[in-house]
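So the structure is just underneath, and the comments pick up after that.
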Amino acid sequence: MTVKDIFESMDYGPAPESAGDALAWIVDQGSKFGHFIDGSFTAPGEGFESRNPATGEVLATLTQASQSDVDTAVEAARKAQPAWAKLGGAGRARYLYALARLLQKHSRLFAVLESLDNGKPIREARDIDIPQAQRHFYYHAGMAQLMESELPDAQALGVCGQIIPWNFPLLMLSWKIAPALAMGNTVVLKPAEWTSLTALCFADICRQAGLPKGVVNIVTGDGDVGEMIVKAEVDKVAFTGSTAVGRRIREATAGTGKALTLELGGKSPYIVFEDADIDSAVEGLVDAIWFNQGQVCCAGSRLLVQEGISERFHAKLRARMDKLRIGDPLDKCIDVGAIVDPVQRDRIAALVDAHGGEGEVYQPACDLPDGCYYPPTLVSNLSQASALMQDEIFGPVLVSSTFRTPSEAIMLANNTRYGLAASVWSENINVALDIAPKLVAGIVWINGTNMMDAAAGFGGVRESGFGREGGWEGLAAYTKPKNTGKALKPVAAFEGDTAEPQPVDRTAKLYIGGKQARPDGGYARDVYDKSGKLIGQAPISSRKDVRNAVEAARAASGWTGATAHNRAQVLYFLAENLATRKDEFAAQINRMTGGKSGAAEVDASVDRLFTYAAWADKFDGQVRQVPMRGVALAMREACGVIGVFCPDDLPLLGLVSAMAPAIAMGNRVVLVASEPFPLAATDFYQVLETSDVPGGVVNILTGSHEELAPSLATHMDVEAVWSFSGADISAAVEKGGAGNLKRTWVNNGFARDWMGAAGAGREFLEAATEVKTVWVPYGA
Ligand code: NAI
């Protein structure tokens, strides 16, 4: 080819990166890998091959972990954990810093290895994956350093089992390992079976950094090994991967007391308004859906374009697609590399082929190289219900449709079971900032896409999972409060004589939608005092009452939109009205519980209402300094509808302590009152009715926790469920919550000192909110 030809065609010449050093590293290790357990590599065992998807060549042989390998790794981590935690934040920070430095020193080796193993363009591995992995270790070295001063009440969870996917192998490893180590945990991590090499190279780096033995353990293998880790004696499971596997892990860990975070799939909308900078939006879209061949959980895979510009936008998009360069991932000039494995490529092809003639499929007329490739694909004019519009494809396939008005854009964007990310493109700041809070997603990018940073929380809502990685909020996933409480003592209701004549009907009702309601089944249970005397009757709620209460709570969405100032006023009013009825409540509590602390309990409840009235407009978001030309706003949003199983003891204080932070943050609640002592809750209706609490914001049910737990936990319109009841209720809530992957906060049968400091505070406010990270151009 002459220079003249090059000028005429504007073709790029190849610019291959050498694979020599990375291949030499593999050969140096013997091309066969064991696991990394207790500071050294085990002898390679029976296993499987790891291939380069671009060529099909075998890169190395990996070992499939056995149950005993997993057990040994967990034991090593367990043994190492106390000393690692005791080292202190500053001591651990030095190691994290050393790991960051070593990742930086060997960045070329890691980038080439990643590209060879995964098929991703070297340009991306070099400029994004590896620098971001380093950044995570640097950032969390800082978090370790600050732990004692900034998180004085936090301690490590213990041993963390971590399971990661194949799309960003080293980056996902650092998202998991850096915060865990910073907070004093030790880990057993399993990389994905298609892409384990950079994790093994990282193990080598751990040795070089002199990391104490057993702090990081890496076992290789497939999903069976993942299952072994989930079932092992670990204190926490952190998973990134498919929603289907995430749901199974939720079910498997329910009731075990293991902490869990799930970062799952998405079908993230990419919304382009007609006043957007169209060329920028097209270029952004290239990043949104063709970055890493679309194998990105937060990929902007669902394009929504405003009708007026749709034709022009699609024409520009197709022209841009024609220019995408597909080929050898090690060539620095290519845009789109290989798909991770033929299995994944066939999965993508099958999904596209099944579109059933609906929509128009566009693929540029390019010659695909031999190997595991799939062309950039656009499927336009799809209906919202189409499977391609709803299901995660996890490949270079963009689907698109149009909208007319901003409200239609919001409706279509939120018409998904996922809620990971969203992009909004508009040159009108009012439009962009109006839309961002209305999108049901954990991350929103304004005039940008796929931006991530260690300082900014990453994670989803709905079926995209729960928990955040990165930022201060990410640390919550690797810590627990220092004071974890003692085992809960069961509290039984008093028994008595039902034969006593009833002059008046003393049957309390349920409280649903701001009104007292008879239970659907019409049944009530007698409530006795300590001496066996009847003091009243409490309704027995059924599944139907749960449904009615949730429906009322859903309908009260105006509360979530109310200002924090207004919510504070309502809480102050509630406090005042409860205080004026102190004697009556105190007497009832004493009678029902047979105790003497009724007055103190009412005082504490009033104080708690004041506390959360104070917090309502002060539990603010933060602005995060990300190293890009913008800022990331960590906005605290209400979860939505929260179901709560109130504690059995302290029937008023327990209910108020859960209700107040939840509604202060803008949630609506369905409270299931103390089972043995339900009448404090039923008396509380009158306080709610006289305090301007809008109907549906607080709904109260009485009855058996055991019977109501499955209905509330499986209800698809409930976003979160908390349990301060018995251990069996914790298990039922976690298991039931797997369906729509609810956020759950349960006590696992541990008591809480409701009268003391543990009965209130940030822990409650954090559980009552989700962090939405909104990326805004700033100073650009
Ligand atoms: P996957 O969810 O099966 O694999 C992710 C990780 O989980 C791997 O390390 C795997 O070995 C492990 N795993 C598999 N089954 C397990 C089990 N029962 N218990 C514990 N660990 C288990 O994802 P896969 O099959 O590789 O991809 C399927 C689809 O999942 C993709 O097409 C994509 O839609 C989605 N996916 C989403 C990811 C994300 O980041 N959100 C990442 C990977 C896949």
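In listed order, ligands and their atoms are each counted from 1. This structure is a prediction, so every number in the text was calculated from the model and none was measured. Index from 1, following the sequence.
- Under a 4.0 angstrom heavy-atom cut-off, Phe168 registers as lying outside contact with ligand 1.
- Between Glu734 and Lys258, none of the side-chain N atoms (NZ, or NE/NH1/NH2) sits under 4.0 Å from a carboxylate O, so this pair counts as no salt bridge.
- Atoms of ligand 1 found under 4.0 Å from any heavy atom of Gln344, numbered from 1 in the order shown, are 31 (C), 32 (O).
- Residue-level proximity to ligand 1 for Thr243 is absent, since no heavy atom of it falls below 4.0 angstrom.
- Contact annotation for Val225 and ligand 1: no heavy atom of the residue comes within less than 4.0 Å of the ligand.
- The Ala192 neighbourhood of ligand 1 comprises atoms 9 (O), with distances under 4.0 Å to a heavy atom of that residue.
- Ligand 1 has no atom lying under 4.0 Å from any heavy atom of Met172.
- Taking only nitrogen or oxygen atoms, main chain and side chain alike, Trp194 does not reach within less than 3.5 Å of ligand 1.
- Residue Leu264 has at least one N or O atom closer than 3.5 Å to an N or O atom of ligand 1.
- Using a 4.0 Å cut-off between a side-chain N of Lys or Arg and a carboxylate O of Asp or Glu, Lys190 and Asp222 do not qualify as a salt bridge.
- Annotation for ligand 1: atoms under 4.0 Å from non-hydrogen atoms of Glu227 are 17 (C), 18 (N), 19 (N), 20 (C).
- The presence of a protein heavy atom under 4.0 Å from atom 7 (O) of ligand 1 is confirmed.
- Near Arg248, meaning under 4.0 Å from one of its heavy atoms, ligand 1 places the atoms 18 (N).
- Closest to atom 20 (C) of ligand 1 among all protein heavy atoms lies Gly226 C, 3.3 Å.
- Considering backbone and side-chain N/O atoms, Thr240 never comes within less than 3.5 Å of an N/O atom of ligand 1.
- At a heavy-atom cutoff of 4.0 Å, ligand 1 is contacted by the side chain of Asn167 but not by its backbone.
- Annotation: atom 27 (O) of ligand 1 to nearest protein heavy atom, Arg347 NH1, 3.0 Å.
- Using a 4.0 Å cut-off between heavy atoms, Gln295 makes no contact with ligand 1 at all.
- Taking the charged nitrogens against the carboxylate oxygens, Arg51 and Asp341 have no contact shorter than 4.0 Å, which rules out a salt bridge.
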